[in-house]
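Remarks on the structure that follows.
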Amino acid sequence: MTTIHTTIHRRTCHICEANCGVLVELDGRKVVSIKGNPDHVLSRGHICPKATAIADLQDDPDRLRRPVKRVGDTWQELDWETAFREIAARVVALQNDGARAAFYRGNPGAHDYALSTQSGYLQRAVGARGTFSASTLDQIPHHYVQYEMYGHVSLAAVPDIDRSQLIVIVGGNPMASNGSLWTVPDFRNRVKEMQARGGRLVVVDPRRTETAKEADQWVPVRPATDTALLLGILQCVLAEGDTLRPGLAELVDASWARVKPLVDGFDLDRLSAHCGVPVDTIRALAAELSGEKTAIYGRMGVSVCEFGALNQWLIQLINLATGNLDREGGTMFPQPLLDLVGQVGRGGVKTVETARGTLPSVMGEIPTIAFADELTRQDDQRIRTLFVIAGNPVLSAPHGTRTEAALAGLDLMVAMDMHVTETSRHAHYILPPCGPLEKDHFSFFFGPLAVRNFGAYSAPTLPMEEGAKADWEIASELAAAIFEARGKGVPNFETPRERLDAMLRASPAGMTLAEVEQRHDGVDLGPLQPCLKDRLLTDNRLLHAAPDDLLEEAARFAMTLDATPSDALSLIGRRHVRSNNSWLHNSQRLVKGPDRCTLMIHPDDAAARGLADGDLARVASRVGAVEVAVEVTQDVMPGVVSLPHGWGHNRAGVSWQTAAAHAGVSLNDLTDPERYCRLSGNAVLNGTPVTVARAEEAVAAE
């Protein structure tokens with residue numbers, strides 16, 4: 001009988017924003033188990049199914065281990081030196097030809113602090129004149145409003161759930177996401193603790209989500225009409241007057257006086273009719289939120305619609321008006337171990353000229369709704385060189401089929417990716433990083449969003465395989481090769497650990513990386529504390545309550561209240577705890593079980609179209625059509641259908657075979673790039689008008 005000698009390693013899960021502590025059990029290089037770390041200061045032993053998939057990512061047989069170059073329809077493996085040399089030569093040749101270069105950054109890069117500190121070197125070497133990212137597909141309204149109100153794109157107020165008595169979630173699903181722009185691991189138990197002390201959770205959503213099923217109350221709302229609900233709540237909160245609580249009033253500028261006249265100009269009955277939420281429910285929500293230790297939080301559902309920035313502003317105003325902004329149990333500003341807000345620029349809100357005309361530009365980004373336009377424009381500003389860093393815009397960006405076609409016209413595309421994906425299959429070169437357990441990790445972007453003041457560092461769990469490189473090494477070494485090919489001196493690149501150590505030392509806690517590294521369960525700096533007075537970064541150090549552009553946007557929204565309702569069904573997305581955008585579907589343990597890429601439809605809407613559970617339906621929008629199995633359920637409102645985000649692995653040429661075997665369809669083959677938030681440039685991914693019919697009948701009608 002063979003005796004197995006295993007070792008246990010503590011690290012932080014890098015898959016999502018929750019940053020849960022895990023215990024990785026190893027037998028040599030083989031992962032025996034991944035469990036929650038009960039001693040972790042933030043996650044308290046909780047993990048979700050995604051954490052167990054780290055083993056699948058590490059040992060994935062479909063994962064690339066060496067650089068590859070596309071030769072015709074095949075991939076030729078290269079050594080790193082050759083790959084860097086060839087790419088550098090092509091970059092310089094295109095630079096000399098005046099070709100425009102751009103970057104696209106996907107979601108996984110935000111979970112890799114080391115890559116985040118190094119990719120700027122590569123962008124500078126390439127001379128990229130444009131950055132696109134997943135941020136303008138789901139979260140830019142947050143950053144826009146944070147900049148306009150608080151003076152920094154990353155200064156976020158999050159619900160203090162551990163001391164709250166009421167949380168109202170609008171268009172968010174933390175049971176699936178573990179908190180999005182709100183780092184809140186162990187959400188279910190935190191809700192149970194709130195309920196045990198007499199608190200309540202209310203979820204406002206067109207779908208009875210996983211979070212709504214844990215809530216004390218579900219409030220259905222018509223897709224993309226949350227603005228009316230939020231205006232109604234704010235109007236009712238301010239009905240007794242707009243005097244701010246002492247201590248907070250002194251931090252708010254004079255524009256606060258413009259808020260009550262604005263909301264009083266709306267008729268509550270019309271707002272109710274627009275969003276489908278009864279007036280009595282609106283008043284009841286306002287009354288509850290007006291108590292102490294309450295918070296309202298909105299995420300994807302209120303961001304990925306036409307008035308996304310307006311929605312996020314109204315949410316901040318409700319928390320301000322109730323006196324629960326910067327107060328225990330309300331919404332508070334984290335002061336994490338690494339103070340990112342205090343050490344990086346404030347960001348900004350500007351405009352950018354594109355093939356589609358002038359668009360908003362938040363944090364220097366070009367809205368991804370213009371991505372395909374910039375790849376296909378017919379002038380010298382066409383993007384000819386593209387670097388894609390851990391991104392899959394073919395599945396993530398609106399009108400995915402057009403994005404896919406646009407990639408074919410590039411002179412050079414380089415992808416940093418573990419797989420040949422729906423996007424990277426169009427690359428000329430793919431540079432694969434090492435496995436996730438071979439990298440270190442720090443809660444870089446998500447500490448500033450956590451429900452406690454915290455930070456955590458994890459050393460690599462496994463030594464790197466021979467010949468492998470981490471993402472940051474790929475970025476810095478390729479940057480050096482390009483600088484050399486240009487005949488320029490190679491800058492002295494600061495390593496990620498050096499940069500992290502310097503930022504930790506410069507933060508208020510003043511710890512060194514060596515000290516943090518010894519705290520294997522994370523560093524807990526205690527519960528969130530009122531701190532707005534010291535954190536505001538506007539020019540006059542006051543909270544800007546009612547910026548002109550947002551007041552004008554509210555007036556534009558008012559013009560839509562009398563629009564004739566469409567007869568079309570309204571398509572919304574959804575997330576699942578066993579998924580994360582497009583990049584976890586090659587894990588057998590996550591995709592096993594019932595098909596999750598289904599079209600949820602209400603029984604009344606299904607019956608009207610002759611559809612039964614499991615039937616194949618054709619879903620069509622202005623820009624595309626897909627065929628997908630129907631799931632008849634009372635969990636969506638009448639008039640609403642729902643498809644999950646991140647599927648559509650049915651394109652030819654991908655390497656991830658498990659994902660291809662569970663292909664599903666892409667929601668973004670239906671979303672329309674002509675629809676976007678006018679203030680932030682965020683794509684509109686919810687509320688897409690669609691028709692639904694039995695697949696065979698739809699084909700016959702054509």
Side-chain angles (χ1 to χ4, degrees), residues 13-15 24 29-31 34 49-80 83 106-109 111-112 115 388-396 400 404 407 413-439 461-462 464-471 474 576 578-593 595-597 644 646-666:
C13 177
H14 69 286
I15 299 292
V24 182
R29 291 189 65 89
K30 177 178 174 56
V31 178
I34 296 179
K50 288 189 279 286
T52 64
I54 296 174
D56 293 343
L57 293 173
Q58 180 66 38
D59 298 328
D60 189 344
D62 298 329
R63 178 163 66 84
L64 298 173
R65 259 81 175 173
R66 296 290 184 273
V68 292
K69 171 184 179 180
R70 181 158 53 86
V71 181
D73 295 329
T74 63
W75 294 98
Q76 173 185 315
E77 193 170 286
L78 303 172
D79 62 80
W80 288 105
N107 170 271
H111 301 263
D112 187 333
L115 176 61
V388 178
I389 311 297
N392 197 357
V394 168
L395 298 189
S396 299
E404 189 171 30
L407 293 172
M413 176 178 165
V414 179
M416 191 182 298
D417 208 294
M418 298 171 67
H419 292 97
V420 183
T421 70
E422 293 73 23
T423 294
S424 67
R425 73 190 184 98
H426 297 280
H428 298 92
Y429 296 86
I430 304 177
L431 307 175
C434 64
L437 294 178
E438 299 164 43
K439 295 189 274 191
T461 303
L462 289 171
M464 202 173 291
E465 291 180 352
E466 184 178 354
K469 292 184 184 293
D471 312 63
I474 298 170
H576 194 280
R578 301 177 72 88
S579 184
N580 191 8
N581 299 326
S582 69
W583 60 285
L584 284 187
H585 298 151
N586 214 48
S587 167
Q588 181 60 46
R589 75 184 76 201
L590 292 185
V591 299
K592 66 183 180 181
D595 183 9
R596 293 197 301 277
C597 189
W647 299 84
H649 306 293
N650 49 0
R651 269 83 171 176
V654 298
S655 70
W656 38 19
Q657 295 306 300
T658 298
H662 300 77
V665 298
S666 176

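Pairing each heavy atom of A659 with each of N586, the nearest pair is N-OD1, 3.0 Å. Taking both residues in full, the closest heavy atoms of I54 and C13 are given as CD1-SG, 3.9 Å, listed atom of the first, atom of the second, then distance. Closest approach of G653 to V420, counting heavy atoms only: O-CG1, 3.3 Å. Minimum interatomic distance between P67 and A83 (heavy atoms only, all atoms of both residues): CB-CB, 3.8 Å. Counting all heavy atoms, side chain and backbone alike, R29 lies closest to E438 at NH2-OE2, 3.4 Å. The nearest pair of heavy atoms linking R63 to Q58 is NH2-O, 2.7 Å.
D417 pairs by the salt bridge (charged side-chain N to carboxylate O under 4.0 Å, His left out) definition with nothing, not counting sequence neighbours. Considering only residues two or more places apart in sequence or on other chains, N580 meets the side chain to side chain donor-acceptor pair (under 3.5 Å) condition with none of them. By the salt bridge (charged side-chain N to carboxylate O under 4.0 Å, His left out) test, E77 pairs with no residue at all, sequence neighbours left out. When the ring-ring contact (aromatic ring centres under 6.0 Å, His included) test is applied to W75, no partner is found at least two apart in sequence or on another chain. Applying the salt bridge (charged side-chain N to carboxylate O under 4.0 Å, His left out) test to E404 and every residue at least two apart in sequence or in another chain returns R425, R651. Scanning for side-chain contact (heavy atoms from CB on, under 4.5 Å) contacts around Q657 gives D62, with sequence neighbours left out. Legend: residues meeting salt bridge (charged side-chain N to carboxylate O under 4.0 Å, His left out) with K469, ordered by chain and number and at least two apart, are E477. Evaluation of the ring-ring contact (aromatic ring centres under 6.0 Å, His included) rule for H419 yields W656 as partners, not counting sequence neighbours. Contacts of D79 classified as side-chain contact (heavy atoms from CB on, under 4.5 Å), with partners at least two apart in sequence or in another chain: E81, T82. In this structure Q76 satisfies the side-chain contact (heavy atoms from CB on, under 4.5 Å) test together with V71, L78, sequence neighbours excluded. With sequence neighbours left out, W647 forms a ring-ring contact (aromatic ring centres under 6.0 Å, His included) with H585. In this structure A55 satisfies the side-chain contact (heavy atoms from CB on, under 4.5 Å) test together with V31, I34, R589, sequence neighbours excluded.
With a 4.5 Å cut-off on side-chain heavy atoms, C597 and V665 count as touching. You'll find the side chain of P644 stays beyond 4.5 Å of the side chain of R596, heavy atoms only. Counting heavy atoms from C-beta outward, V654 and E422 have side chains that approach closer than 4.5 Å. Proximity of R65 to E466: side-chain heavy atoms (C-beta onward) are nowhere separated by under 4.5 Å. Contact of the L395 side chain with the H649 side chain is registered, since non-hydrogen atoms from C-beta on lie closer than 4.5 Å. Side chains of M413 and T423 form a contact here, defined as non-hydrogen atoms less than 4.5 Å apart.
With rounding to the nearest 0.5 Å, the separation of NE2 in H14 from CG in L437 is 8.0 Å. The line from CH2 of W80 to CD1 of I474 is 3.5 Å long, rounded to the nearest 0.5 Å. Distance CG/D112 to CE/M416: 9.5 Å, rounded to 0.5 Å.
Checking P433, C434, S655 one by one against M418, the side chain to side chain contact (heavy atoms under 4.5 Å, CB included) holds for a single residue, P433. The side chain to side chain contact (heavy atoms under 4.5 Å, CB included) test with P49 is passed by exactly one of I15, L584, L590: L590.
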Residue pair N581, N392: steps toward the side-chain contact (heavy atoms from CB on, under 4.5 Å) verdict:
CA-CA 9 Å; N581 299 326; N392 197 357; over 6 Å; no
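With hydrogens and angles ignored, the 3.5 Å screen pairs a side-chain donor or acceptor of T421 with a backbone N or O of S424.
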